Q: 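Next up is a structure, given as C-alpha cells.
Just so it is clear: chains get the letters A, B, ... in the order the sequence lines come, proteins before strands, and each one is counted from 1. All values reported here derive from a predicted model rather than from experimental measurement.
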Protein chains: 2
Amino acid sequence: MTIAAIAKEIGLSVATVSKVLNGRPDVAAETRSRVQELIVRHGYRRRSSPSSETSTPVIDVVFETFDSPWAVEIVRGAVAAAQGEGLTVALTSLEEGDERRIWFDHITSRGTRGVILLLSQLTETQRSELHSRRLPFVVIDPRGEPGPHVSYVGATNWAGGLAATRHLVDLGHKKIAVIGGPADLLCSRARIDGYRAALETAGIFLADSLVVRGDFTVVGGYEGARALIARPDRPTAIFAGSDLQALGVFKAAHEAGLKVPEDLSVVGFDDLPIARWSSPALTTVRQPLAEMAAVAVRILLEVGEGGDPTDRRVELATDLVVRESTAAPRCRPSPGRSATEVVSPTRIAEPASG
Amino acid sequence: MTIAAIAKEIGLSVATVSKVLNGRPDVAAETRSRVQELIVRHGYRRRSSPSSETSTPVIDVVFETFDSPWAVEIVRGAVAAAQGEGLTVALTSLEEGDERRIWFDHITSRGTRGVILLLSQLTETQRSELHSRRLPFVVIDPRGEPGPHVSYVGATNWAGGLAATRHLVDLGHKKIAVIGGPADLLCSRARIDGYRAALETAGIFLADSLVVRGDFTVVGGYEGARALIARPDRPTAIFAGSDLQALGVFKAAHEAGLKVPEDLSVVGFDDLPIARWSSPALTTVRQPLAEMAAVAVRILLEVGEGGDPTDRRVELATDLVVRESTAAPRCRPSPGRSATEVVSPTRIAEPASG
DNA sequence: CTGAAAGCGCTTACAG
DNA sequence: CTGAAAGCGCTTACAG
C-alpha cells in the first residue's frame with residue numbers, strides 16, 4: 001500500500017492523500033474522511049523506505065495501572081519473551097487521564113508489530129480498527145466477556161479458586177470466607193465461582209455474607225478482612241482472591257491480634273514474589289504470569305506471520321502452593337500435615353532464592 | 001546529516017555511502033570503515049522523510065533486572081513522565097545472556113530520543129559511542145563512580161543512612177547492625193557511610209562485625225540477619241539497607257521467635273509500596289523513585305533540545321518515614337514515642353490508600 | 001569496487 | 001480546496 005495506490009483508487013492526487021496523512025488543514029472534510037476510511041481499511045503504513053523496516057521491531061504492552069505486581073510480572077515476562085525474538089517492548093499506561101484516546105494513535109503510528117492489552121476492555125471501534133489495520137493483538141485477562149473474534153490469554157481461575165478452597169476444606173475449615181476482586185473482571189468472577197463449587201462439593205452451606213467484594217489491592221483485602229473479622233461468627237479461613245488482598249488480610253489480622261495461621265488461615269492468588277517472603281509465607285494459587293505473557297507474544301508473532309488472528313484462546317494451568325499461612329482450625333483438629341508440603345493439584349518445587 | 005553530506009565530506013558518491021549503511025558486500029573494506037567512522041562521528045540517522053519524525057518518539061530504559069520493585073518504581077515513574085511529554089518508553093533488559101552487546105544496536109537503530117540506564121556501568125566505548133551519536137543518556141544510581149561527563153540521578157543515600165541510624169540511636173539503641181548492598185554500588189556504600197557517621201557522632205563504638213554485606217534482595221537480608229541474630233551479643237536494631245532486605249530480616253526474626261519491634265528494631269530503605277503493608281509496617285527511608293525517573297526524563301529532553309549533555313548530576317532528598325518496626329530496646333526504656341509518628345528530617349503525610 | 005542515472009515514496013510551495 | 005511540479009532522501013540495477 002502506497003500513497004499513490006490510495007490516490008488512484010479514490011481518484012485523487014497523491015498530494016491530497018499526503019495532506020490527509022499529515023493532518024494538514026487545507027482538505028475538504030468529506031475528502032478527508034473518504035481518504036481516512038481507505039487508509040484504515042487497507043491498513044496503510046508509511047513506508048519509510050523501499051526496503052522493509054530496518055529498525056528493531058516493537059510490540060506494545062498497554063496496561064491500566066502499573067501499581068500491581070501482577071502487571072509487573074506480565075511485563076517482565078513479555079520483555080523476556082520479546083527480547084528472545086529480537087523485539088523491543090514499548091509500554092503505554094492508561095492511568096494518565098486522557099491517554100485513553102491517544103494511545104491508539106501513538107501505537108499505530110509507531111509501526112507496532114502487535115499489541116498486548118492487560119485487563120482491557122476494547123470498544124467495538126477499537127477492535128475493528130485494530131483488525132482493519134491488520135494489527136495483531138491479544139488481551140491478557142480480559143475485563144469483560146471478550147468478543148467472539150478476540151484472542152486472549154488467561155489462567156484457569158475457576159480451577160484455582162476451587163483448589164484454594166478445597167485446601168481449606170481439607171484442613172477442616174467450615175467457615176470459609178472469600179474476598180473477590182472487581183465484579184467486572186472475568187478472572188475474579190471465575191475464582192469466586194470456584195470457591196462456591198468447592199463448598200458445594202463439600203456440602204458446606206454457602207453463606208452469602210461470607211462473600212466480600214474487594215478490588216485486588218492491599219487496601220481492598222484489608223477492608224474486606226476487617227469487616228469479616230468483626231463479625232460475631234467470624235470465619236476461620238479466608239480465600240483472599242489475590243496475593244495483594246492476602247497481605248491486607250494479614251494486616252487486619254495482625255491489628256486484631258489474630259495469629260496466622262493459628263487463628264486464621266489465609267490463601268492468596270497469583271504467587272507474586274512477595275508471597276514467599278511474607279511472614280508467615282503465603283499459601284497461594286500460582287498463576288504462570290510470565291508464561292502467559294510469553295504465550296501472548298507468541299500469538300502476536302504467529303498472527304503477524306499470517307496466522308488466523310481470531311479465536312486464539314488460551315488458559316494456562318494454576319497450581320496450589322502450600323506455605324505457612326494455612327493450618328487446621330484451632331478448635332477442631334484435623335489430621336496433621338506439614339505446613340510447607342505442597343498438595344494437589346500439582347507438586348511444586350520451591351527454589352531457595354528469589 | 002544526510003547521506004549526501006557525508007558523501008561530499010568524504011569525497012564519495014551518495015550511492016557508495018548508501019551501500020555501507022545497508023551493509024552491502026560490494027564496498028572496499030577501507031572505504032567502508034572510513035564511511036562508518038564518519039557516520040558514528042556525526043551521529044547520522046536515517047531520515048525517514050524530509051519532515052522530522054512523524055511517529056511517536058521513544059525513549060529507552062535499560063535495566064539489569066526487573067526483579068526488584070526498585071526498578072519497577074523507576075520504570076513506572078519514567079512511563080508517567082514520558083507519557084506526559086508524548087513519548088513512549090521502550091524497555092530493554094540486560095538479564096538475557098548475550099544481550100549486553102545487542103541492546104546498543106537495537107536502541108540506536110530505533111531512533112531513540114534518549115536512554116535511561118538503571119544501575120549501569122557503561123564501558124568507555126559505549127559512553128563515547130552514545131556521545132558521538134548525540135544520544136542523550138542518564139544513569140540512575142550508577143554502579144561505579146560515573147565518568148566525569150556522565151549525567152546521573154540519584155538520591156541522598158548518605159543522608160538517608162544517617163537519618164535511619166540516628167533514629168535508632170535516638171530510640172536508645174547501642175548495638176545497631178547494618179546490612180549493606182553490593183559493594184560496587186555507589187548508593188550502597190553511601191548508605192553504610194551514613195550509618196558510620198551517625199554512630200560516630202553519637203559516640204557509639206563501631207564494631208566491624210556489625211557491618212554485614214547483602215545484595216539488596218530478600219534473601220540477602222534474610223541471610224545477613226540470620227548471621228547477626230545468631231551472635232551471642234546480637235544487635236537490638238538492624239538498618240537493613242533496603243526494603244527488600246528488611247523483609248528478609250523480618251523473616252529471620254520471625255523464624256528465630258523474635259518480635260519486631262519489641263525484640264528487634266528494623267529500618268529499611270526505599271519506601272516501596274510493600275513497606276506500608278508489611279506486618280508490622282516498616283520504618284524506612286523514602287527515596288523518591290518516581291521523581292528520580294521524572295528528572296531523568298527531563299534531562300533527556302533538555303539535552304535533546306541542545307542543552308549541555310555533560311555534568312548534570314542530581315541527588316534528590318530522602319526522608320525518614322517512621323512506622324511500626326522500630327521502638328526503644330527492651331531492657332533500656334527511653335522516652336516514649338508514638339510508633340507511627342514521623343520524625344526528622346521531614347514530616348511525611350501518609351495517604352490511606354496505596 | 002565505484003558512481004551516474006533512474007526511480008521510489010513521500011512532502012510542500014504555489015498556481016488555479 | 002485541489003493537484004502539477006519540483007524537490008528530498010534514499011536505493012538499486014547497471015556500466016565501467
Side-chain angles (χ1 to χ4, degrees), chain A residues 1-58 105-106 108-113 133-135, chain B residues 1-58 105-106 108-113 132-135 304:
Chain A
M1 262 303 121
T2 65
I3 268 191
I6 288 173
K8 190 171 173 192
E9 177 167 347
I10 210 165
L12 284 166
S13 73
V14 173
T16 306
V17 176
S18 171
K19 280 176 200 165
V20 173
L21 277 167
N22 293 292
R24 306 263 143 183
D26 56 340
V27 181
E30 202 236 316
T31 309
R32 161 169 277 116
S33 64
R34 277 201 303 150
V35 171
Q36 259 161 354
E37 206 257 328
L38 256 195
I39 286 168
V40 168
R41 202 158 76 222
H42 289 329
Y44 168 83
R45 276 195 248 148
R46 195 171 190 293
R47 227 179 305 298
S48 60
S49 86
S51 79
S52 66
E53 315 288 334
T54 70
S55 69
T56 308
V58 171
D105 297 333
H106 276 197
T108 48
S109 84
R110 209 184 311 105
T112 293
R113 296 292 168 93
R133 299 203 193 193
R134 304 269 143 72
L135 249 189
Chain B
M1 261 303 120
T2 66
I3 268 190
I6 288 174
K8 190 170 172 194
E9 178 168 347
I10 210 165
L12 284 167
S13 72
V14 173
T16 305
V17 175
S18 171
K19 280 177 201 165
V20 172
L21 277 167
N22 293 292
R24 305 264 145 183
D26 57 340
V27 181
E30 203 236 316
T31 309
R32 160 169 278 116
S33 64
R34 277 200 303 150
V35 171
Q36 259 160 353
E37 207 259 327
L38 255 195
I39 287 167
V40 168
R41 199 156 78 220
H42 290 330
Y44 169 82
R45 275 193 251 147
R46 197 173 188 293
R47 227 180 303 297
S48 60
S49 87
S51 80
S52 65
E53 314 289 333
T54 70
S55 69
T56 308
V58 172
D105 297 332
H106 276 197
T108 48
S109 86
R110 209 184 311 105
T112 292
R113 294 295 168 92
S132 67
R133 299 204 192 193
R134 302 271 142 73
L135 249 189

Q: Please list, pair by pair, any protein nitrogen or oxygen found under 3.5 Å from a nitrogen or oxygen in nucleotides 2-6 of chain D.
A:
residue, atom, partner, partner atom, Å
D:dT2, OP1, A:Thr31, OG1, 2.7
D:dT2, OP2, A:Ala28, N, 3.1
D:dG3, OP2, A:Ser13, N, 3.2
D:dG3, OP2, A:Thr16, OG1, 3.2
D:dG3, O6, A:Lys19, NZ, 2.7

Q: Pair up each side-chain donor or acceptor in residues 28-35 of chain B with any protein partner under 3.5 Å, not counting sequence neighbours, and list the distances.
A:
residue, atom, partner, partner atom, Å
B:Arg32, NH2, B:Arg24, O, 2.3
B:Ser33, OG, B:Glu30, O, 3.0

Q: Going from CD1 on A:Ile3 to CD1 on A:Ile39, what distance comes out if it is rounded to the nearest 0.5 angstrom?
A: 8.0 Å

Q: Nearest whole angstrom, please: distance from the P of D:dT11 to the CD1 of B:Ile3.
A: 5 Å

Q: Please determine which of B:Leu38, B:Ile6, B:Val27 meets the side chain to side chain contact (heavy atoms under 4.5 Å, CB included) test together with B:Val20.
A: B:Val27

Q: Toss me the dot-bracket line for DNA chain C: Watson-Crick and G-U wobble, both under 3.5 Å, 5' to 3', using | for pairs to another strand and [ ] for crossers.
A: |||.||||||||.|||

Q: Please report the closest heavy-atom contact between A:Val14 and A:Ala4, naming both atoms and the distance.
A: CG2-CA, 4.0 Å

Q: Would you say a side-chain N or O of B:Ser18 is under 4.0 Å from OP1 or OP2 of D:dT11?
A: yes

